[in-house]
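Note: hydrogens, waters and symmetry copies are ignored here, and every other heavy atom, side chains too, is used. Numbering of ligands and ligand atoms starts at 1, following listing order. All values derive from a computational prediction rather than experimental measurement.
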Amino acid sequence: MKEKLHFNSATIHGGQNPDKAYGAVMPPIYQTSTYAQSTPGGHKGFEYSRTHNPTRQALERSLASIEEGAYGFAFGSGLAAMDAVLKLLKPGDEIISTDDLYGGSYRLFKKIFEDFGLKFHFVPMHNTEYIGSKINKKTKLIWVETPTNPMMNIIDIKSIVNLVKGKDILVAVDNTFASSYIQQPLILGADIVMHSATKYLAGHSDVVLGALILNDPSLAEKIGFIQNASGAICGPMDSFLTLRGIKTLHVRMQRHCENTATIAHFLNSHPKIEKVYWPGFESHPNHKVAKAQMKDYGGMLSFITKGANYEAAISIVERLKLFTLAESLGGVESLAGHPASMTHASIPKKVREKSGVVDALIRLSVGIEDVRDLISDLEKAIG
Ligand code: P1T
C-alpha cells in the first residue's frame, strides 16, 4: 500500500503515475473518442471516451486524492456535476439548501429540477436550527455551499452531518469557494464534495470544469452510471489543464489567503467602507465555525461602501483597472464582480436582497499579484 501523502504532496503526486507508454511525467492529452479492440471487448481498459479517458482518469484520481475521497468524477462544468447529483433523486423528494448560494445553482434547482417534481427549501443554513425544521421523511439531500457566494456566510458542516446521522439523507458540500486546500468536507463527514473546478482547482481562468468526490462505493456506482448515461463529461484538454492547475493549488491558495486578509483589513479601516464580508474577522457571525473547519479564510470577500446604491457600486467596479470586471473567481488574476447584475441576476431581486445580495454589494476574487498594487487600485477606485 502506498504511504498517505500530505496535502502539499497530494496536489502534485496524488493518484498519479508516469504514463505507461513512454513514461511521460504529465499524463498525455489523450485526444481520442475511441480505442482499438482486437476482438469485441478485447481492449486495454478503455472503450469510448464518454465512459473513460486516460487523461480524465488521471484528473479524477487527483481529485479523489486532494479531498481524501475514494472516487473522483469530472464533468463539463460545476453545474453539470451538480446536475448529476440531483439525478440521484426522484419526483417528490425534498432538498434543503442555503438561501445564499451561487445564482446558477439556484437557477438549476428552481428552473430545471423543480419542474421534474423535486421540492427545494432555502433556509439561512449558517443557523443550523433552521435546517431541522425542514427535515421530514421526504428529505433526501442537504445541499451546502460554504463559504456562500457572495455573502461569505460559513455553514457548519459537522453539525449538519450530526443532524442527519442515521437518516437516509445525503449531505453534499459545494467546496468551490474554499477549495480542497482550505476545507475537506468528506473528512468532516459529508457524503459528496462538489467543485466548480473552473475556479481555484484549475486556477488560471482557462477552463470550465466540474468535479464530484465521494467515498461510498454504491453511491460511486450510481454517479458513475449517471456520468456515462447522461454524458456531461469534460474533454481531455480541459482535464489536463485542471490537473496541471491542481499541482500548484497549495502554493496559490497561500498567496490568495494572504492577499485577501490584507485587503479585508485595508477595506475595513477605510472611511468610505460600510461593511466588509470576510470570515477571518473575529466579528464575523460564523468566525468560530470558520476557524474550526477551514485552514484559512480564502481568497474571496464582498463589501459595501457607505451610502452606496446600484450606480455607486457600478462606478467603482468600472474604475478598477488591475481588478478585471468579470464573472468567475479563483484565478491567479484579481477579478471584481457586481453580484446583483452579474452572477446572481438569475435570482429574483426580493429573494436575493433577503440574503444580503443588495445592489450596492461588490465581490472581489483576490488574485496572487503584489498586494500593494491591488490596494492602490482599490484606493483609486473607491476614492
Ligand atoms: O461555472 P460552473 O463551473 O458551472 O460552476 C458553477 C458554480 C457552482 N458553485 C459555485 C459556488 C460557483 O461559484 C459556481 C460558478 N460561479 C461563478 C461563475 C461566479 O462568478 O460566481
task = Indicate whether the side chain of Glu333 and that of Thr324 have a donor and an acceptor atom separated by less than 3.5 Å.
result = no
request  = Report yes if the distance between the aromatic ring centroids of His284 and Tyr277 is under 6.0 Å, otherwise no.
outcome  = no
message = How about NZ on Lys222, more than 12 heavy atoms from neighbouring residues, nucleotides or ligands closer than 6.0 Å, or not?
response = no
key: Which segment of Leu329 sits under 4.0 Å of ligand 1 when only heavy atoms are counted   = side chain
inquiry  = Please evaluate residues Asp19 and Tyr30 with respect to the criterion side chain to side chain donor-acceptor pair (under 3.5 Å), reporting the C-alpha separation (whole Å), side-chain torsions for both, the decisive distance (0.1 Å), and the verdict.
reply    = CA-CA 11 Å; Asp19 188 63; Tyr30 281 97; 3.0 Å; yes
ask   = In ligand 1, which numbered atoms sit nearer than 4.0 Å to a non-hydrogen atom of Ser77?
value = 3 (O), 4 (O)
remark   = shortest atom 20 (O) of ligand 1-to-protein heavy-atom contact is with Ser328 N, 2.7 Å
query = Would one find an N or O of Glu145, backbone or side chain, under 3.5 Å from an N or O of ligand 1?
reply = no
Salt bridge Arg352-Asp359, side-chain N to carboxylate O under 4.0 Å = yes
Ligand 1 N/O within reach of Glu327 N/O, cut-off under 3.5 Å = no
query = Of all the atoms in ligand 1, which lie at a distance below 4.0 Å from a heavy atom belonging to Asp174?
reply = 8 (C), 9 (N), 10 (C), 11 (C)
key: Within-shell test, Gly104 vs ligand 1, heavy atom, strictly < 4.0 Å   = no
request  = Applying side chain to side chain donor-acceptor pair (under 3.5 Å), run through Glu67 and Ser180 and close with a yes or a no.
outcome  = CA-CA 6 Å; Glu67 285 288 353; Ser180 328; 2.9 Å; yes
query = Is there a nitrogen or oxygen of Gly78 sitting under 3.5 Å from a nitrogen or oxygen of ligand 1?
reply = yes
ask   = Where do Met194 and Leu212 land on the side-chain contact (heavy atoms from CB on, under 4.5 Å) test, with the steps shown first?
value = CA-CA 5 Å; Met194 173 259 164; Leu212 297 177; 3.7 Å; yes
ask   = Which ligand 1 atoms, with their elements, are less than 4.0 angstrom from a heavy-atom of Arg363?
value = 19 (C), 20 (O), 21 (O)
ask   = Where does Thr343 meet ligand 1, judged by heavy-atom distances below 4.0 Å: at the side chain, the backbone, both, or neither?
value = side chain
message = Please tell me whether Tyr181 and Tyr200 form a close aromatic pair, meaning their ring centres lie under 6.0 Å apart.
response = no
query = Side chains of His121 and Glu94: donor-acceptor distance under 3.5 Å anywhere?
reply = yes
message = Which residue and atom name correspond to the protein heavy atom nearest atom 7 (C) of ligand 1, and how close is it?
response = Tyr102 CD2, 3.3 Å
task = Among all protein heavy atoms, pick the one closest to atom 13 (O) of ligand 1 and tell me residue, atom and distance.
result = Asn149 ND2, 3.1 Å
query = ligand 1 and Phe177, any nitrogen or oxygen pair closer than 3.5 angstrom?
reply = no
message = How far is atom 5 (O) of ligand 1 from the closest protein heavy atom, and which atom is that?
response = Ser196 OG, 3.0 Å
message = As an exercise, identify every atom of ligand 1 less than 4.0 angstrom from a heavy atom of Lys199.
response = 1 (O), 5 (O), 12 (C), 13 (O), 14 (C), 15 (C), 16 (N), 17 (C), 18 (C)
query = Regarding Asp100 and Thr98, is there a side-chain donor-to-acceptor distance under 3.5 Å anywhere?
reply = no
